[in-house]
**Q** 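I'd like to ask some things about the structure below.
In this text, all values refer to a predicted model and were calculated from it rather than measured experimentally. Numbered from 1 within each chain, the chains take letters A, B, ... in sequence-line order.
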Amino acid sequence: MIDLKLLQKDFDDVSAKLKRKGVDVTLIENLKNKNDELKIAKVNFETFQALQNSMSKEFGAYKREGKDITELKVKVDANKIKITEALDIQRQKQEELEIIALSIPNIPDDSVPDGKDENENVELKKVLTPPNFDFTPKEHWELAEQNGWIDFERGVKLATSRFSVSFGMGARLERALINFMLDFNRARGFNEVSVPSLVNRGALEGTGQLPKFENDLYKMQDQELFLIPTAEVPVTNLYQDEILTEAELPKKMTAYTSCFRKEAGAAGRDTRGMIRQHQFHKVELVTIANPNESEKFFDEMVECASDLLTALELPHRLVNLCTGDLGFGAAYTTDLEVWLPGQNSYREISSISNTRDFQARRAKIRFKDGNKNSFVHTLNGSSLAVGRTLVAIMENNQNEDGSIDIPEVLKPYLGM
RNA sequence: GGAAGAAUGGCUGAGUGGUCGAAAGCGACGGUCUUGAAAACCGUUGUAUCUCACGAUACCCAGGGUUCGAAUCCCUGUUCUUCCUCCA
């Protein structure tokens, strides 16, 4: 949630920045007006309530002294009606405010380039050189089927399209990757956590998936629970509604989970293969930081993910997301894109974001900042998406006969 | 799934209708004392919003209700504990 006080104080600046992200200015004006109206409604209610409280005290005194209370009772009853009315108005304003406030995205950082979609993201640097093949490299689904690693049809049989099944070395590689990543992250100070795959509405509101993106989520039928679209949701919300001590920061965490997404808006995109699945494995990094250190930890997380790709010998590049591609909660994001020879292009394999206090404000994650309480900064990023990493290994390490070389760092995890 | 009980501040735990944002203890922080520390003693110590400030309002699991007045009474829900049942 954006800072309403900041909006109040620097309306022009805030609305100009949000406009860059495509937010309708009238919506922001609306928010500001609602906030003003809410304040007035609150003061109004509190005035009546204060009167009620003092009259109630008087009432008690009258009774004790045996005075006649009929006249006072008339006044009290009249005031009560006003309280009810004032409270109704206040609640209504509050509700209206929240609907708008929760649907407004984070303010993009000044460093975020303007742009309407992913094509206008800015490349920051390339790491490792894409391999040269003296044959035409195959796409991963061909390789996966040829090696018997992944069965796309049986996934569909069990569930629906965009589900797949891994067999043998395919399944073992997934597991090896997960373990490798978690160990790698742990060596860099990220504490491993294992979290629920189902979360409630409050958690999803905290990190910003709700109320706006309910269509992308799988929801339980008989309970208000949702399958997590990313481990970011349970891990960040671990500290929801808490006031941490300064010494507890940073909280650096890593978690492996399955992720579930409806991919509602992606019909027709990446229909073949395992680039875009309804269920996929991911190892996630989350840092909860003191605001004055969040930039530093952001860089650290980007480096961690990039080094992981380097360790796996996978060519990749870093891109700075433009306003049009920037996620709802992010102030700025760096994507890591891995080279896929089969597609002859770089594809997203990790996305690292600093949400600053946007999620902290929603999830009420604070820390003792001297003698006051301040919101923390939350950062999240994929260590790597496991499925896409497997795809990248297949395509980059393929031989002409379709066999695939296993990256050295994974061999110990495969008993090789 | 069945039965009973519980939910209060960082923690433990008092509080059955008014002066309770809430006793007490512990912890934490500051101070006195000390060469330093411990002990002892004194003080401070929940959150949010409005206000320049004084102060005001709200919050004792959540939501309703009764009442002039609710931490306290009533209803609903949630969670937890114990016992039984079941079970990876």
**Q** What distance, rounded to whole Å, do you find between the two P atoms, one in B/rG65 and one in B/rA71?
**A** 15 Å
**Q** Take atom P in B/rA3 and the same atom in B/rC68, then report the distance between them in whole Å.
**A** 37 Å
**Q** Do A/E96 and A/Q92 have a side chain donor and acceptor closer than 3.5 Å?
**A** yes
**Q** Using the P atom in both, what is the distance from B/rU45 to B/rA24, to the nearest Å?
**A** 13 Å
**Q** For RNA chain B, which residues of residues 70-78 of chain A approach it to below 4.0 angstrom with any heavy atom?
**A** A/K73, A/V76, A/D77
**Q** So what does A/K368 touch, heavy atoms closer than 4.0 Å: a base, only the sugar-phosphate, or nothing?
**A** sugar-phosphate
**Q** Rounding to the closest angstrom, what is the interatomic distance between B/rC80 and B/rC75 at atom P?
**A** 23 Å
**Q** Who is the Watson-Crick or G-U wobble partner of B/rC59, with both distances under 3.5 Å?
**A** B/rG46
**Q** Can you check whether A/F358 and A/F328 have ring centres sitting under 6.0 Å from each other?
**A** yes
**Q** Please name the nucleotide paired to B/rC33 by Watson-Crick or G-U wobble geometry with both distances under 3.5 Å, or report none.
**A** none
**Q** Mark yes or no: A/K252 above the aromatic ring of A/F190, with NZ or CZ under 6.0 Å from the six-membered ring centre and no more than 45 degrees from the axis.
**A** yes
**Q** With a 6.0 Å cut-off on ring centres, are A/F260 and A/H278 close enough?
**A** no
**Q** Which part of the nucleic acid, if any, lies within contact of A/N53, taking any heavy atom under 4.0 Å across all strands shown: a base, the sugar-phosphate backbone alone, or nothing?
**A** sugar-phosphate
**Q** How would you label the contact of A/K5 with the nucleic acid (heavy atoms, under 4.0 Å): base, sugar-phosphate, or nothing?
**A** sugar-phosphate
**Q** Looking at B/rA39, which nucleotide sits across from it as a Watson-Crick or G-U wobble partner, both distances under 3.5 angstrom, or is there none?
**A** none
**Q** Which nucleotide, in any strand shown, forms a Watson-Crick or G-U wobble pair with B/rU19, with both distances under 3.5 Å?
**A** none
**Q** What donor-acceptor contacts under 3.5 angstrom involve side-chain atoms of residues 402-416 of chain A, with partners at least two apart or in another chain?
**A**
unit_1	atom_1	unit_2	atom_2	d
A/S403	OG	A/N399	ND2	2.9
A/S403	OG	A/D401	OD1	2.7
A/D405	OD1	A/N399	ND2	3.1
A/E408	OE2	A/K411	NZ	2.9
A/Y413	OH	A/D183	OD2	2.8

**Q** For RNA chain B, which nucleotides open and close the run of contacts to chain A, 5' to 3', at under 4.0 angstrom from a non-hydrogen atom?
**A** B/rG18 to B/rG69
**Q** Checking base pairs now: Watson-Crick or wobble, both atom distances under 3.5 Å. What partners B/rC73?
**A** B/rG65
**Q** Using the C1' atom on both, measure B/rU8 against B/rG2 and round to a whole Å.
**A** 30 Å
**Q** State which residues pass ring pair (Phe, Tyr, Trp, His ring centres under 6.0 Å) with A/F298; sequence neighbours excluded, sorted by chain then number.
**A** A/Y332
**Q** When the nearest nucleotide of RNA chain B is assigned to A/I243 and to A/K39 on a heavy-atom basis, which residue is associated with the more 5' position?
**A** A/I243
**Q** Using the P atom on both, measure B/rU79 against B/rC73 and round to a whole Å.
**A** 23 Å
**Q** For a quick check of understanding: with a heavy-atom distance under 4.0 Å over all strands, which category does A/Q52 fall into, base, sugar-phosphate or nothing?
**A** sugar-phosphate
**Q** Hunt down the Watson-Crick or G-U wobble partner of B/rC26, both distances under 3.5 Å, from any strand shown, or write none.
**A** B/rG10
**Q** Classify A/R361 by what it touches in the nucleic acid, base, sugar-phosphate, or nothing, heavy-atom distance under 4.0 Å.
**A** nothing
**Q** Take atom C1' in B/rC60 and the same atom in B/rU16, then report the distance between them in whole Å.
**A** 14 Å
**Q** Under a 3.5 Å cut-off for both contacts, is B/rA3 paired Watson-Crick or G-U wobble with anything, and if yes, with which nucleotide?
**A** B/rU82
**Q** Stepwise, does the side-chain contact (heavy atoms from CB on, under 4.5 Å) test hold for A/I275 with A/R347?
**A** CA-CA 9 Å; A/I275 291 282; A/R347 292 299 303 262; 3.7 Å; yes
**Q** Does the plane of the ring in A/Y256 sit parallel, tilted or perpendicular to the ring in A/H281? Use 30° and 60° as the thresholds.
**A** tilted
**Q** Looking only at atom C1', what distance separates B/rG31 and B/rC50, rounded to whole Å?
**A** 35 Å
**Q** Could you pull out every donor-acceptor pair under 3.5 Å between side chains of residues 229-236 of chain A and any protein atom, sequence neighbours left out?
**A**
unit_1	atom_1	unit_2	atom_2	d
A/T230	OG1	A/E232	N	3.0
A/T230	OG1	A/K282	NZ	2.9
A/E232	OE2	A/Q359	NE2	2.8
A/E232	OE2	A/N380	ND2	3.4
A/T236	OG1	A/E232	O	2.7

**Q** Restricting to ring pair (Phe, Tyr, Trp, His ring centres under 6.0 Å), what partner residues turn up for A/F375, sequence neighbours left out?
**A** none
**Q** For A/Q49 and A/K57, take the nucleotide of RNA chain B holding the closest heavy atom to each; which residue's nucleotide lies nearer the 5' end?
**A** A/K57
**Q** Does atom NZ (A/K262) have a neighbourhood of more than 12 heavy atoms from anything else shown, all under 6.0 Å?
**A** yes
